[in-house]
Amino acid sequence: MCGRYALTADKDALALEFEVDATTDVQLPPRWNIAPTSDIYIVRERQEGGQRVRELVVARWGLIPAWAKEESIGARLANARAETVAEKPAFRGSFAKRRCLVLCDGWYEWLPAQPARAGVRQPKQPYLMTVTGRQHVAFAGLYEWWREPGTPADAPALLTANLITTDAVGVAAQVHDRMPVLLDHHAWSRAISDLPEQPVAIRPVTTDVNSVRNDGAYLWGEFFPPTLDPSAVAEAEISDQDSQDQTLF
DNA sequence: CCAGACGTTGTT
DNA sequence: GTCTGG
DNA sequence: CCAGACGTTGTT
DNA sequence: GTCTGG
């Protein structure tokens, strides 16, 4: 699963990298500890005069279905299961028409604390997960618009989003049985079931990550700023050729 | 028909 | 909004 | 995801 | 124990 992640890049750098046509004016601060209900960057596509327009926008993490009576349900809908996302009433509309990319530098998973001396509570151990050779990762996600019941239809709506999870594979499975659906940077158009497996790197980080009150580059320790393996970067650039079809997974 | 749910995770 | 359960 | 709260009244 | 907030 994924309930915490980092995103430190500037919006304009992300806009270039993800080849968007339009970019929000809102600059979010760099974050190493993003939790559900935080503002995040997503990339979505809309049709405009027969053209597909890709935009980088801000959304709130935690999808609030359009029919929800309370905003608070969003905090519990930070994820959607890939196995059922097409059928679940809360998600199927978004899955059919409102897919997005959720951008991040890396995400966190936790292992239970080691058993300690009696009476001493040990914190859970967080692990930082990144995709080898990439500074940024796109999760498969969904978005939705929500207005508090009774608000006029022309009032501004709240844009919310979540990310799709699937069975963990590879090294990610050593820490957890679920993981986000990782979209190959240049294979956004492939169906979820047909996505190539991404090489994931896992590193333990400070338990300061556990509290959402803590944030800063220090949470990544020596792993920030990330240094990329040059061979992995070269390979990524070669596969650039794939990005013809613009449909999001 | 109306009322009520609609979700994921981890943990037991 | 839409489906399920009663 | 983890951490932290979990409640009401009257008075300032 | 369970829900809410971040």
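Only heavy atoms go into these numbers, but all of them, side chains included; no hydrogens, no water, no symmetry mates. Since the model is a prediction, treat every value here as computed from it, not as a measurement. Sequence lines set the chain letters: A, B, ... in the order given, protein chains first and strands last, and positions in each chain run from 1.
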Straight-line distance of A/N33 CG to A/L219 CG, nearest 0.5 Å: 6.0 Å
Base, sugar-phosphate or nothing for A/F91? Non-hydrogen atoms, less than 4.0 Å. sugar-phosphate
Sequence neighbours excluded, which residues qualify as side chain to side chain contact (heavy atoms under 4.5 Å, CB included) partners of A/R46? A/E48, A/V53, A/E55
State which residue, out of A/D215, A/D39, A/D105, fulfils the salt bridge (Lys or Arg N to Asp or Glu O under 4.0 Å) condition with A/R31. A/D215
Tell me, please, the opening and closing nucleotides of DNA chain D, 5' to 3', among those with an atom under 4.0 angstrom from a non-hydrogen atom of chain A. D/dC1 to D/dG4
For DNA chain E, which residues of residues 24-43 of chain A approach it to below 4.0 angstrom with any heavy atom? A/A35, A/P36, A/T37
Taking any heavy-atom pair under 4.0 Å as a contact, classify A/N214: base, sugar-phosphate, or nothing. nothing
Kindly write out the residues that satisfy side chain to side chain contact (heavy atoms under 4.5 Å, CB included) with A/S72, not counting sequence neighbours, or none if the list is empty. A/E70
Going by side-chain hydrogen bond (donor to acceptor under 3.5 Å, both in side chains), A/E17 matches just one of A/R134, A/H136, A/Q135. Which one? A/H136
Hey, can you pull the donor-acceptor pairs under 3.5 Å for the side chains in residues 89-97 of chain A, sequence neighbours left out?
from: A/R92; atom 1: NH1; to: A/E87; atom 2: O; distance (Å): 3.3
from: A/S94; atom 1: OG; to: A/Y143; atom 2: O; distance (Å): 2.8

If we take the C1' atom in both E/dG1 and D/dT9, what is their distance in whole Å? 27 Å
Taking D/dT8 as the reference, what is the distance to B/dA3 when you measure between their C1' atoms (whole Å, please)? 32 Å
Salt-bridge criterion met for A/E144 and A/R44 (N-O under 4.0 Å): no
Check the angle between the aromatic planes of A/F139 and A/Y5 and answer parallel, tilted or perpendicular using the 30° and 60° thresholds. perpendicular
Distance check, P atoms only: D/dT11 and B/dC2, in whole angstrom units. 48 Å
Looking only at heavy atoms, which two atoms of A/V209 and A/R4 are closest? And how far apart? O-NH1, 2.8 Å
Taking atom P in both D/dG7 and B/dC6, what distance in whole Å separates the two? 24 Å
Could A/E71 and A/R60 be called an ion pair, given the rule that one side-chain N must be under 4.0 Å from one carboxylate O? yes
Quick tally for nucleotides 1-6 of chain C: nucleotides whose base has a protein heavy atom under 4.0 Å get B, sugar-phosphate-only ones S, the rest -, giving BSS---
Strand partner of E/dC3, provided both Watson-Crick or wobble distances fall under 3.5 Å: D/dG4
Expressed as a whole number of Å, how far does the P atom of D/dC1 sit from that of B/dT12? 14 Å
Between A/I34 and A/V26, is there a shared hydrophobic cluster once you connect ILVMFWY residues whose side-chain heavy atoms come closer than 4.5 Å? yes
